[in-house]
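Remarks on the structure that follows.
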Amino acid sequence: AGSAARAEHVLQVMKQRYLDGDTDFKPNTRTHTSVVDAWAKSGEKGAAKRAEQILNNMISTYEANRDPDIKPNVHTANAVCNACAFTKMEEDRPEALQIAFRVFDWLSTQPDMEPDSYTFTILLSVCSNLLPREDRATRFSHAKAFFEKCCKSGYVNDYVLRKLRQTVSEQEYLSLVEYRGASGSASNLPASWTRKVGKKNNSSGSSGSTVGGRSGGRSKGGRWSSHNRRGGNK
């Protein structure tokens with residue numbers, strides 16, 4: 001088995017030990033997020049799907065008992081999207097694209113957390129890596145939707161700009177940044193676009209051992225999310 005599968009096995013052992021009464025083995029948000037990270041770095045077949053399943057298990061557990069130690073946070077969501085962005089298997093790419101959009105939608109609807117600069121950088125990576133380069137119209141419409149949301153939320157930084165530039169044509173990039181980010185530096189952009197950069201995202205939630213609410217339904221299903229269905233947005 002690969003390292004990600006081994007990490008998930010350790011997580012299952014911890015869960016069983018905890019259920020058997022050993023509180024020292026209680027898995028928490030950070031524990032689960034570390035396993036999602038392992039899947040993201042593995043590049044193995046089905047990695048994005050396994051990552052989403054771990055997130056959904058966390059959501060179910062949290063909704064069942066409201067234990068803050070297991071509540072998924074923005075880092076967990078970002079890790080799942082990372083697993084999607086670095087999907088290597090061609091046959092996994094369509095599903096990985098849908099998973100990333102579903103997780104973004106879930107994160108966007110949470111009352112106590114929000115997508116951050118890293119989220120938007122990853123989602124632009126998803127567009128860049130998973131959408132065919134020759135399908136410029138689709139790449140542009142998705143990238144535009146994410147970038148506009150990023151601008152509105154105030155999380156545009158140099159990494160977001162760099163990934164946007166890699167995803168769309170140079171002319172498309174210049175039009176999206178209103179010809180103010182030609183240098184690739186966010187310092188030239190409207191202040192409202194960058195107002196939250198460098199500020200702590202309070203959506204981190206709790207964490208606590210190693211190997212970190214959702215109010216809506218689970219991030220699951222084999223369908224396009226609301227984000228995908230909205231006009232040209234997704």
Side-chain angles (χ1 to χ4, degrees), residues 36 39-53 55 77-109 114-153 155-186 189 193 219-234:
V36 174
W39 279 113
K41 293 170 183 172
S42 74
E44 292 179 28
K45 180 174 174 55
K49 188 173 184 178
R50 289 300 307 136
E52 188 190 27
Q53 287 171 343
L55 171 63
N78 286 348
V80 177
C81 291
N82 236 348
C84 298
F86 294 103
T87 293
K88 291 184 170 61
M89 303 293 177
E90 189 71 35
E91 62 270 28
D92 284 351
R93 291 186 176 188
E95 184 175 28
L97 190 70
Q98 293 190 29
I99 290 170
F101 292 162
R102 283 200 296 269
V103 172
F104 179 83
D105 276 356
W106 170 76
L107 180 58
S108 299
T109 59
E114 64 181 353
D116 58 16
S117 296
Y118 190 44
T119 313
F120 288 107
T121 302
I122 297 169
L123 265 295
L124 287 168
S125 293
V126 166
C127 296
S128 180
N129 297 348
L130 302 185
L131 291 168
R133 187 156 290 279
E134 60 272 15
D135 191 354
R136 283 181 50 184
T138 302
R139 288 169 69 93
F140 176 72
S141 67
H142 289 358
K144 179 176 184 286
F146 284 124
F147 183 66
E148 287 178 347
K149 290 174 188 292
C150 188
C151 293
K152 187 175 181 180
S153 66
Y155 278 113
V156 179
N157 64 12
D158 292 356
Y159 295 104
V160 171
L161 290 181
R162 185 182 309 161
K163 190 52 64 175
L164 177 67
R165 203 167 204 160
Q166 291 173 4
T167 308
V168 300
S169 72
E170 185 66 10
Q171 188 57 46
E172 289 168 342
Y173 168 79
L174 292 173
S175 68
L176 287 172
V177 299
E178 298 178 356
Y179 296 88
R180 301 164 83 166
S183 66
S185 172
L189 299 176
W193 292 10
S219 164
K220 70 175 183 179
R223 62 188 181 281
W224 290 102
S225 65
S226 59
H227 182 70
N228 306 120
R229 289 194 298 265
R230 278 197 294 276
N233 282 2
K234 281 270 141 307

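We count residues from 1, following the sequence as given. Side-chain atoms are counted along with the backbone in the values below, which use heavy atoms only and exclude waters and symmetry mates. Small disclaimer: the values here were computed from a predicted structure and weren't measured.
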If I take atom CZ from residue R102 and atom CG from residue L55, how far apart are they, to the nearest 0.5 angstrom? 10.5 Å

Compute the ring centroids of F101 and F146, then answer whether they are less than 6.0 Å apart.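 Under 6.0 Å, so yes.
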
Please check this pair: side chain of Y155 against backbone of K149, looking for a donor-acceptor N/O pair closer than 3.5 Å.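 Answer holds: no.
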
Under 3.5 Å, is there a donor-acceptor pair between the side chain of D158 and the main chain of A186? yes

Donor-acceptor contacts under 3.5 Å from residues 81-88 side chains, at least two apart:
residue, atom, partner, partner atom, Å
N82, ND2, Y118, OH, 2.8
T87, OG1, A83, O, 3.1
T87, OG1, C84, O, 3.0

Given side chains that start at C-beta, do those of L124 and T121 come closer than 4.5 Å, heavy atoms only? no

Salt-bridge criterion met for E148 and K144 (N-O under 4.0 Å):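 Between K144 and E148 there is a salt bridge, with a charged N closer than 4.0 Å to a carboxylate O.
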
Can you tell whether the side chains of R136 and E172 come within less than 4.0 Å, N to carboxylate O?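 Yes, R136 and E172 are salt-bridged.
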
Is the number of heavy atoms from other residues, nucleotides or ligands within 6.0 Å of NZ (K45) greater than 12?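 Atom NZ in K45 is packed in, count exceeds 12.
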
Residues in side chain to side chain donor-acceptor pair (under 3.5 Å) with Q166, at least two apart?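 Residues passing side chain to side chain donor-acceptor pair (under 3.5 Å) with Q166: K163.
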
Distance-only polar pair, side chains of D105 and S108, donor-acceptor under 3.5 Å: no

Heavy-atom closest pair, residues W106 and A77: CZ3-CB, 4.0 Å

